[in-house]
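For reference, the structure discussed in these notes is given below.
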Amino acid sequence: MKNTVKEIVQTAAKKAFDTGMLPCDQMPEMEIEAPKHASQGDLSTNFAMVSAGIQKMPPKKIAHTIVAAMEHAAFIEKVEVAGPGFINFFLQPSAWHPKVDQILAQDIGYGSSNFGRNEPVQVEFVSANPTGPLHVGHGRGAAVGDAVGNILAFAGFKVSKEYYINDSGRQIKTLGTSVWFRLLEISGRRGDFPDDCYKGEYIRDLARQVLERQGPDFVNQSDEAGIAVCARYAAQQILEGIRRDLAAFGVIFDKWFSEQSLYDSGRLAETLADLQAKDLVYEKDGALWFRTRDFGDEKDRVVVRSNKMTTYFASDIAYHQEKFERGFHRVIDVWGADHHGYINRMAASVVALGKSRDQFQVILVQLVNLLRGGSPVQMSTRAGEFVTLKDIVDEVGIDAARFMFLSRSYDSGLDFDLEVAKQKSSDNPVYYVQYVHARIAGILSKALDRNLVEDNDFTRGKNLSHLVEPEEINLIKILAGFPEQVEKSAATCHPHVIFTYLMSLASAFHAYYNRHKVITEDIALSGARLSLVLAVKKVIRNGLALLGVSAPERM
RNA sequence: GCGCCUGUAGCUCAGCUGGAUAGAGCAACGGACUUCUAAUCCGUAGGCCGCAGGUUCGAAUCCUGCCAGGCGCGCCA
């Protein structure tokens, strides 16, 4: 539709030039968009305004010249010049009808595109250390990462979702130490629990499990041996728990990548040798420094400490090299906002090792403010007291949780109120949208019960010429905008674009529903309206699926 | 001190690759169920778009400087 209008404008401009009405035949890039107000028509272009400089004429005059030169098209009701020089097109209602056919035919594919040209993209998210259960912040990261992956895939990218497991290094040792000392404490051996260890109740549970499996003599082990056993067991158990909680949250990864494997395979050593060979590192104070400053970082960073231990940064460099070697053109990391200080050095390492800056992208997710009935939920990570992702999913449900996490731009902090997310009312946006789907399902089953439609085959619209009400045309216009919104969401990696879209579609549907009956004595009209609402149902379902939210047939 | 994010209606936020009259939900007030689900709808009211400059035919949107809040600035992860 937009392209058709664009061609009409361009043809008119050319004709105006040929007949001497315009001095120049240059065609600047114009926009065709749906104006905000109905009084401004169905589609609008700023062609005259962006041409003003080239044509050396006032925008309004150009607009009138274009309109005068314009061919009459059957689907256009009228054309107006308005405001500073917009050309507004008012379309016949029938111009919108084929869209319904298209949506019904494309079904689950409606909204998808080849925008990404099958470009391989990796989205890495959550990647929480296996030292404790996932909390609210991880939940937002999981919802965002998963939705971004879904949206990119729908827009034609070849997406792989990945979780990086930090199963090496100090925090795992700390985990082992924590469990070991709790175990000794439970056995009455020692009470001097170290201050820098994890204090959560889950550590006590793990200690009990280790004791049970190893038997009472286990406490006679040396600290070193005990810690090692505890570390291995605890990390594995916690990782299993994380996997389970994410699956229960509807998040399935294509790959789980172990940090330890970078050591075991020699990949990390290879990367360090590569850095040496390329003179990207130097020694100072007994440590090995990466010249990240030469690539946009504020300062150089240590990759090997003076005690010969590699840093977390070192394995991260190797990991990101490995990602690109696997063939991804673009690598997207979803991080919590508290890690933003890490972006420059990571980007520097990517660029230093031969990739361009835009092949590495970080989605920085701002913090979540957990509330209950308007007041903050007290949490202390130090004392190990926090609300876990599992707690939240158990309390409010997966759909409400995900929808809430995706309701705002991740650039903004998010207030997540457990009471609101639980409410089955208009306060809760997830039901507002899901209700549309359920309502339409209800209409459909009634229509089938009463044999008001000849069959259940709506792979194309029926009697669409009967759709003439303003609310109906408005609905189709919104439905027609879905692919564009998906593309925008994919281009910006912002899932809340889909959220906002679904809210506006739901609003338009509820308004229509309250004003017009779908099923009436008029069989032909009923068929037309069923076609329309069925198209709405499909778009709602497709949109919710991108966010990982279900579309219920009944509520 | 430096860096990133944010500042829009009483509250929570969209709109930010510049366009016409700045939108939605909640809260407030007034209405609509004999109907395909009222988990809904309709209406009213509510705005120096943090402040000050600049660029532009045109700025909530871009640039600069302030102000306020959040987060970060380790040979931690």
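Heavy-atom basis, side chains included; hydrogens, waters and symmetry copies ignored. Just so we're on the same page: letters track the sequence lines, and every chain starts at 1.
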Quick check: on RNA chain B, is the nucleotide nearest A:Val50 upstream (toward 5') of the one nearest A:Tyr312, or the reverse? Name the residue that is more 5'.
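The residue closer to the strand's 5' end, by nearest nucleotide, is A:Val50.
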So which one's nearest nucleotide on RNA chain B is more toward 5', A:Ala506 or A:His339?
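Going by which nucleotide is closer to the 5' end, it is A:Ala506.
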With a non-hydrogen cut-off below 4.0 angstrom, is [X] in contact with a base, only sugar-phosphate, or nothing?
X        : value
A:Gln40  : base
A:Ala438 : base
A:His437 : nothing
A:Met309 : nothing
A:Asn344 : nothing
A:Asn88  : base
A:Ser507 : nothing
A:Phe313 : nothing
A:Arg554 : base
A:Leu288 : nothing
A:Lys488 : sugar-phosphate
A:Phe499 : nothing
A:Ala82  : base
A:Met503 : nothing

Whether the side chain of A:Ser44 and the base of B:A20 hold a donor-acceptor pair under 3.5 Å is what I'd like checked.
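A donor-acceptor contact between them is present.
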Confirm from the modelled atom types if A:Ser306 and B:C75 form a donor-acceptor pair under 3.5 Å, side chain to base only.
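A donor-acceptor contact between them is present.
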To the nearest angstrom, how far is [X] atom [atom1] from [N] atom [atom2]?
X        : N     : atom1 : atom2 : answer
A:Asn307 : B:C75 : CG    : P     : 12 Å
A:Asn428 : B:A38 : CG    : C1'   : 16 Å
A:Arg439 : B:A39 : CZ    : C1'   : 8 Å
A:Arg372 : B:U12 : CZ    : C1'   : 19 Å
A:Tyr410 : B:U12 : OH    : P     : 22 Å
A:Met49  : B:G19 : CE    : P     : 10 Å
A:Tyr342 : B:C71 : OH    : C1'   : 18 Å
A:Tyr198 : B:A77 : OH    : P     : 11 Å

Given [options], which nucleotide is nearest the side-chain atoms of [X]?
X        : options             : result
A:Ser409 : B:A14, B:A77, B:G19 : B:A14
A:Ser412 : B:U21, B:A14, B:A77 : B:A14
A:Pro84  : B:U35, B:C75, B:G19 : B:G19
A:Ala511 : B:A77, B:C42, B:A20 : B:C42
A:Tyr431 : B:C75, B:A20, B:A39 : B:A39
A:His510 : B:U21, B:C41, B:C75 : B:C41
A:Lys299 : B:G70, B:C75, B:C41 : B:C75
A:His340 : B:C41, B:A77, B:C4  : B:C4
A:Leu367 : B:U21, B:C71, B:A77 : B:C71
A:Val518 : B:C36, B:A77, B:G72 : B:C36

Does [N] have a Watson-Crick or wobble partner in any strand here, with both distances under 3.5 angstrom, and which is it?
N     : answer
B:G72 : B:C2
B:C66 : B:G50
B:C26 : B:G10

Within the structure provided, determine whether A:Ser315 and A:Thr310 are in side-chain contact (heavy-atom separation under 4.5 Å).
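In short, these two side chains do not touch, never coming nearer than 4.5 Å.
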For a quick check under 3.5 Å, do [X] and [Y] share a side-chain donor-acceptor pair by atom type?
X        : Y        : answer
A:Arg267 : A:Thr271 : yes
A:His320 : A:Asp333 : yes
A:Tyr319 : A:Glu162 : yes
A:Gln434 : A:Asp399 : yes
A:Asp522 : A:Thr520 : no
A:Asp300 : A:Tyr282 : yes

Atom [atom1], compared across [N] and [M]: separation rounded to whole Å:
N     : M     : atom1 : value
B:C75 : B:G15 : P     : 38 Å
B:G74 : B:A60 : P     : 40 Å
B:C66 : B:A9  : P     : 25 Å
B:C62 : B:U17 : P     : 6 Å
B:C26 : B:A22 : P     : 22 Å
B:C33 : B:U40 : C1'   : 10 Å
B:G43 : B:G54 : C1'   : 43 Å
B:G70 : B:U64 : C1'   : 24 Å

Using O4'-C1'-N9-C4 for purines and O4'-C1'-N1-C2 for pyrimidines, with syn meaning within 90° of 0, is B:C73 syn or anti?
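Anti, since the glycosidic angle lies more than 90° from 0.
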Just N and O in the side chain of [X]: are any of them under 4.0 Å from OP1 or OP2 of [N]?
X        : N     : value
A:Lys60  : B:G58 : no
A:Tyr432 : B:C41 : yes
A:Arg305 : B:A77 : yes
A:Lys36  : B:U21 : no

Report the residue from A:Tyr410, A:Tyr342, A:Phe125 that forms a ring-ring contact (aromatic ring centres under 6.0 Å, His included) with A:Trp335.
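It is A:Tyr342, the one option of A:Tyr410, A:Tyr342, A:Phe125 that forms the ring-ring contact (aromatic ring centres under 6.0 Å, His included) with A:Trp335.
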Side-chain ion pair, A:Arg301 and A:Glu298, N-O less than 4.0 Å
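A salt bridge links A:Arg301 with A:Glu298.
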Nearest-0.5 Å distance that lies between atom CG in A:Leu175 and atom CG in A:Asn129
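Rounded to the nearest 0.5 Å, the CG-CG separation comes out at 10.0 Å.
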